[in-house]
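No hydrogens, no waters, no symmetry mates; every other heavy atom, side chains included, goes into these values.
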Amino acid sequence: MDAPDESTQHAMRESLRRGLLRAGAWVFALGLLTGLWAGLVLTGKVHVTFPRLALGAHLTAMLGGLWLIALAWSLDYLRYGPRGQRRLAWLIGVAVWSNWALTLVASALGVRGLEYTRDPLNNVVAALLDLFVVVPALVGAFAWAWGLGGRR
């Protein structure tokens, strides 16, 4: 299979950039909306077991949206080709969206998911966080940092 020419690579990168920007904007907007949930919980209008998780869901969405936007901005500086950039975008996107969704669900369910306990529901959340947030975020962050370190 032949390597894509320069104009094809540029078009692929711009499509990926638009997708990352769109995803970042949406998760950021949902983070603002999640702030309403956090406000209800933190003022005591809605009672949950771990109120700070609601705030955590709000903040993870806001920061995750900014991470996706930063990744979109940095595509031109990565040493990866189009396939590597897409893989990195998916990896970080999965971590960002999962972090928001799982933290929001955990806040509503009254489980933390930060450690494994005797509570099966907590352990499911902990396993999902490990699988879809911790591992992809760590791998994605280091791959992003490494990818910014040189020429293609």
Side-chain angles (χ1 to χ4, degrees), residues 3-43 45-46 48 50-115 122 124-152:
D5 65 7
E6 188 65 33
S7 64
T8 304
Q9 285 186 356
H10 178 74
M12 291 168 70
R13 187 171 49 248
E14 287 307 305
S15 176
L16 180 59
R17 187 184 325 276
R18 280 191 305 277
L20 284 166
L21 290 170
R22 188 172 35 256
W26 274 111
V27 76
F28 193 89
L30 288 171
L32 289 172
L33 192 61
T34 305
L36 296 175
W37 166 250
L40 291 171
V41 168
L42 293 172
T43 58
K45 297 198 176 22
V46 174
V48 297
F50 302 108
R52 288 187 295 182
L53 275 179
L55 181 60
H58 164 65
L59 293 175
T60 59
M62 304 293 293
L63 292 172
L66 293 175
W67 190 9
L68 291 172
I69 291 166
L71 178 60
W73 175 83
S74 69
L75 287 177
D76 292 337
Y77 302 103
L78 291 171
R79 68 173 79 188
Y80 307 124
R83 183 180 301 149
Q85 289 178 359
R86 273 194 318 276
R87 287 177 181 165
L88 182 61
W90 272 102
L91 190 63
I92 293 173
V94 164
V96 164
W97 282 98
S98 298
N99 199 8
W100 166 71
L102 290 168
T103 305
L104 181 62
V105 168
S107 76
L109 293 176
V111 297
R112 292 186 316 175
L114 298 176
E115 63 183 345
N122 176 78
V124 168
V125 171
L128 291 172
L129 282 168
D130 285 345
L131 183 62
F132 291 105
V133 179
V134 174
V135 172
L138 285 171
V139 172
F142 279 92
W144 186 35
W146 187 84
L148 290 168
R151 297 177 188 221
R152 285 191 237 188

Original post:
Which residue pairs pass the salt bridge (charged side-chain N to carboxylate O under 4.0 Å, His left out) test with at least one member in residues 64-73, sequence neighbours excluded?
Top reply: none
Subject >> Steps toward side chain to side chain contact (heavy atoms under 4.5 Å, CB included) verdict (Y80, W146) >> reply: CA-CA 10 Å; Y80 307 124; W146 187 84; 3.3 Å; yes
**OP:** Any pair with a residue in residues 55-69 that passes side-chain hydrogen bond (donor to acceptor under 3.5 Å, both in side chains), sequence neighbours left out, goes on the list, sorted by first then second residue, please.
**Re:** none
Subject >> side-chain hydrogen bond (donor to acceptor under 3.5 Å, both in side chains) contacts touching residues 125-139 (sequence neighbours left out) >> reply: Y116-D130
Atom pairs and distances, side-chain donor-acceptor, residues 87-97, under 3.5 Å, sequence neighbours left out:
none

Subject >> Nearest heavy-atom neighbours spanning R86 and L16 >> reply: N-CD2, 3.8 Å
**OP:** Spell out, as yes or no, whether a donor-acceptor pair under 3.5 Å connects the side chain of R112 to the backbone of N122.
**Re:** no
Subject >> CA sep, side-chain torsions, deciding dist, call: L148, L78, side chain to side chain contact (heavy atoms under 4.5 Å, CB included) >> reply: CA-CA 5 Å; L148 290 168; L78 291 171; 3.7 Å; yes
**OP:** Step by step, work out the side chain to side chain contact (heavy atoms under 4.5 Å, CB included) result for M12 and Q85.
**Re:** CA-CA 10 Å; M12 291 168 70; Q85 289 178 359; over 6 Å; no
**OP:** List in chain and number order the residues that pass ring pair (Phe, Tyr, Trp, His ring centres under 6.0 Å) with W73, two or more places apart in sequence or in another chain; answer none if no residue qualifies.
**Re:** Y77
Original post:
R17: what forms a salt bridge (charged side-chain N to carboxylate O under 4.0 Å, His left out) with it, not counting sequence neighbours?
Top reply: E14, D76
**OP:** Look up atom CG in L59 and atom CG in L53, then write down how far apart they are to the nearest 0.5 Å.
**Re:** 11.5 Å
**OP:** Begin with the C-alpha distance, continue with both residues' side-chain angles, and end with the deciding distance and a verdict on side chain to side chain contact (heavy atoms under 4.5 Å, CB included) for N99 and L63.
**Re:** CA-CA 10 Å; N99 199 8; L63 292 172; over 6 Å; no
